[in-house]
Amino acid sequence: MKKILLVAAVACMTMVSCKKDYTCECVYEYGQSGATTKTTTTSVINAKKADAETACNAGDYDLTIGNTVSKTECSIK
């Protein structure tokens, strides 16, 4: 009986979605032709990888007017 419970417990643990802490890194480019860059990080706490990527990518934007660039690219690290 103990063997059956052990196998059932292991099977249940492998079916559970894996949640962990992910770090979202955003790189900002701005100014004439994107000459200036700044990097910041923000933690996405206790999320599935797909959910963390979705939340992180929500910070992406790209705006170019003439030679002036304002762009943010975020990704999971």
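Excluded from the calculations below are hydrogen atoms, water molecules and symmetry mates; all remaining heavy atoms, backbone and side chain alike, are included. A quick note: this is a predicted structure, and the numbers were derived from the prediction, not measured. Residues take their numbers from the sequence shown, with the count starting at 1.
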So do D62 and T64 actually touch side chain to side chain, heavy atoms under 4.5 Å?
-> yes
If you look at every heavy atom in N46 and K19, which pair is closest and at what distance?
-> OD1-CB, 3.3 Å
Here the disulfide (SG to SG under 2.5 Å) pairs for residues 28-77, sequence neighbours left out, are C24-C56, C26-C74
Remaining members of L63's ILVMFWY cluster at a side-chain heavy-atom cut-off under 4.5 Å?
-> I65
Could you pull out all residues at least two apart from S70 that satisfy side-chain hydrogen bond (donor to acceptor under 3.5 Å, both in side chains)?
-> Y61
Rounded to the nearest 0.5 Å, the OG1 atom of T37 sits from the OH atom of Y28 at a distance of 12.5 Å
Pairwise side-chain contact, E25 with T39, heavy-atom cut-off 4.5 Å (strictly under) = yes
Residues two or more places apart in sequence or in another chain: which of them pass side-chain contact (heavy atoms from CB on, under 4.5 Å) with K49?
-> Y22, E53
Could you give the distance from NZ (K48) to OG1 (T54), rounded to the nearest 0.5 Å?
-> 11.5 Å
Could you list the residues that satisfy side-chain contact (heavy atoms from CB on, under 4.5 Å) with T68, not counting sequence neighbours?
-> Q32
